[in-house]
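Sharing a structure, written as structure tokens. Questions coming.
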Amino acid sequence: MLTDLGNFKRTKYCGEVSLSDVGKTLNLAGWVHRKRHHGGVIFIDLRDREGIIQIVVEEKNNPEAYEIADKLKSEYVIGVVGRVRKRPEGTENPKLKTGYVELVADKILVFNVSEPLPFPVEEETPVSEETKLKYRFIDLRRENMKNNLIFRHRVYQITRNFFTEEGFIEIETPFLTKSTPEGARDFLVPSRLHPGKFYALPQSPQLFKQILMVAGFDKYFQIVKCFRDEDLRADRQPEFTQIDFEISFVREEDVMDIAEKLIAKLFKELLGIELKTPFERISYKEAMEKYGTDKPDRRFGLELIELTDIFENTEFKVFKAVIKNGGVVKAINFKNSNLSRKEIDELTKYVQSLGAKGLAWIKVEEGKLTSPIVKFFSEEETQKLLERTQAQPGDVILFSADKRETVYKILGNLRLHIGKKYGLIDENKWDIFWVVDFPLMEWDEEEERFVALHHPFTMPKEEDIPRLKEALETDDLDRKKELVHLVRARAYDMVLNGEEIGGGSIRIHRKDVQDIVFKLLGIEEKEAEEKFGFLLEALKYGAPPHGGLAFGLDRIVAIMLGLDSIRDVIAFPKTQRGICPLTNAPDYVETKQLKELHIKVVE
RNA sequence: GGAGCGGUAGUUCAGCCCGGUCAGAACGCCGGCCUGUCAAGCCGGAGGUCGCGGGUUCAAAUCCCGUCCGCUCCGCCA
């Protein structure tokens, strides 16, 4: 039954056959999507990339083709030569794009057979992630996955055209590069030619694009894979794609303007949505205080309310202790929720999973307050609290009192949890804005040193540089922290529906400033020389002022398509433990290979 | 490293609480019938190491312990 392609040549995609083809003879090729056998007449839904068309085979008119059609099974790969005709009246199928025509088979060629599929190409039944990834070639035949990848392709095209029109030059940077400290864990590649030495896969092309600026390519862009060996999430894969760009002789506004234009263009051309530019900007401080996160989802309320001042002199031991230790008291008011004890218990469990000791709450009811803690409050405190939270009967106020960062984390996540769980999020809204005025560095308790919030090449605000210098000079750690925390970065993040989709900064182009920053980050001169020497060297030879940004392409595509996981916009993604079920990577290698690489595995 | 949810037929699931006719459904698959269907229909059939290992018990899909895998989250991710 099987036949070679022979001189068969496809003349059209199945999905593109239309009324204008009626009467024509076409050669179609594709997969048997489904077969309906009526005894005497067989209908075959033939599927290719562009869609599905109905093939008709009648026994009395074409016994030869009928005999072959009879034997066809799902997902056999066939070619059909036939004549397009208008469907008989009353048999049209408006659900199909091609539903007003059908192809009367003249000849059927069977190019290949298929075993029964592990799961159907139809999407009615969901399939477990692992099965989908193991049989990704089947999964990608599905309408949604196929469309996702085509959508992604269009994002590439629009992006490339956009940057080209704006005068940017696309330049590739190496994947086999040098491991650098700071940031994520590197994937390492052993060097065969240099025993004991390793390349690292780039976490981003950051240093190379800066060097390209020094080289005079004043507008660079690239759609590029990046690699970070960290734990995975729904929006994080070990290898992911960035839209990366960098420009010389610019300030923040110039970079942000280009970034906005690209996003606005993608939304307009792909979704038909006009985003209002320039995008709104909020400060890091505002984001943290109101939402407890630097990437707030503002499509719903439930903002964090500051209460520390109200409880400054409280007798309530828990709050008192927290405030005395420099912590804060904040709350969210879940308006008109009438939460039951059971629901509050669930929320308590949730915050406990985040590391909270518990969840203090007040149920505001008609004429009374139900709460395990309100009895410890003074009359005045209760009054001010109700006023500040604008409490009404039906509301439930949920508290967090702890170190500032902890309160942000607890309430920020609780807010999001409630928003999702209780359907507060307006899914039809597109909330896009910038977060600006990030601190340059923050103190890392564990490592007992400052770490860069963005990366070590981010330019501090000019007016804050004296503070940096002073911080460098003082030996008083508390004073040092105080000074450093006041230093703001010339950095900006773009946030879309509560996800960070891009971030960038104006970079340090002066060696003296870079030296100060490295020193404060605890990177000694020798280390800086070893690890970033090539950049520092470049900065000596006429580095222009420059800045840029990188977008997370996978995230952008996923959000635009309304998907929760970037796995659904990546052809061959990894599972949460970094495994590819299709290829079974990572895997053991031959001892010989290890030997060549001068590597010995230690248990 | 930690928390939660899940793992039963090819697929998606029910059964698990309360151990004993609980090895079940739908779809798919195989065979047959059928000339206008399009999630075709009708009749018949095959198909399971209940993730894995151990324990408790007269008896375990069901209870307990451990472990592996998938997903979500915290930590981590400049």
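Letters A, B, ... mirror the listed sequences (proteins, then strands); counts begin at 1. Worth knowing before you read on, the calculation uses all heavy atoms, side chains too, and leaves out hydrogens, waters and symmetry mates.
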### Message
Can you tell me if A/His38 is stacked onto the base of B/A40, using a 5.5 Å centroid cut-off and an angle below 30°?
### Response
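Stack criterion met.
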### Query
Considering only the C1' atoms, how many Å lie between B/C64 and B/U57, rounded to the nearest integer?
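After rounding to an integer number of Å, I get 12 Å for this pair.
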### Task
Can you check whether any acceptor in the base of B/C77 is under 3.5 Å from a donor in the side chain of A/Arg236, or vice versa?
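Side chain to base: pair present.
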### Query
Looking at residues 496-508 of chain A, who's got a heavy atom less than 4.0 Å off RNA chain B?
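Result for residues 496-508 of chain A: none.
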### Query
From the list B/U35, B/C76, B/U37, which nucleotide is the closest neighbour of the side chain of A/Lys60?
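The listed nucleotide nearest to A/Lys60's side chain is B/U35.
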### Task
Calculate the interatomic distance between A/Phe43 atom CZ and B/A39 atom P; express it in whole Å.
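Between P of B/A39 and CZ of A/Phe43: 13 Å.
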### Message
Let's see if you can work this out: which of B/C38, B/G10, B/C76 has an atom nearest to the side-chain heavy atoms of A/Gln54?
### Response
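Comparing B/C38, B/G10, B/C76 against the side chain of A/Gln54, the answer is B/C38.
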### Query
When the P atoms of B/A23 and B/G48 are considered, how many whole Å apart are they?
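Going atom to atom, P in each nucleotide, I get 15 Å.
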### Query
Using a cut-off of less than 4.0 Å, is there contact between a side-chain N or O of A/Arg36 and OP1 or OP2 of B/U37?
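Indeed not, no polar side-chain atom of A/Arg36 lies that close.
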### Message
Would the base of B/U12 count as contacting A/Glu124 through its side chain, where contact means a donor and an acceptor less than 3.5 Å apart?
### Response
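Check fails, no donor-acceptor contact within cut-off.
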### Query
Looking only at atom P, what distance separates B/G31 and B/C69, rounded to whole Å?
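Rounded to whole Å, the distance is 39 Å.
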### Query
Which residue pairs pass the salt bridge (Lys or Arg N to Asp or Glu O under 4.0 Å) test when at least one of the two sits in residues 490-507 of chain A, sequence neighbours left out?
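Qualifying pairs, neighbours excluded: A/Glu246-A/Arg507, A/Glu252-A/Arg490.
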### Query
Mind checking whether A/Phe457 and A/His455 have parallel, tilted or perpendicular rings, split at 30° and 60°?
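Tilted: the ring planes of A/Phe457 and A/His455 meet at 30° to 60°.
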### Task
Could you run through nucleotides 66-73 of chain B and give me one letter per nucleotide, 5' to 3': B if any protein heavy atom sits under 4.0 Å from the base, S if only the sugar-phosphate is that close, - if neither?
---SSBBS
### Task
May I have the step-by-step check of side chain to side chain donor-acceptor pair (under 3.5 Å) for A/Tyr291 and A/Asp297, ending in yes or no?
CA-CA 8 Å; A/Tyr291 307 100; A/Asp297 189 330; over 6 Å; no
### Message
Between B/C76 and B/A39, how many Å separate the two C1' atoms, rounded to a whole number?
### Response
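Straight-line distance between the two C1' atoms is 46 Å.
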#### Entry: Euclidean distance, atom CD of residue A/Gln242 to atom P of B/C77 [Å, nearest integer]
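Atom-to-atom, A/Gln242 to B/C77, this comes out as 16 Å.
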### Query
B/C63 and B/U72: how far apart are their C1' atoms, nearest whole angstrom?
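That atom pair is separated by 27 Å.
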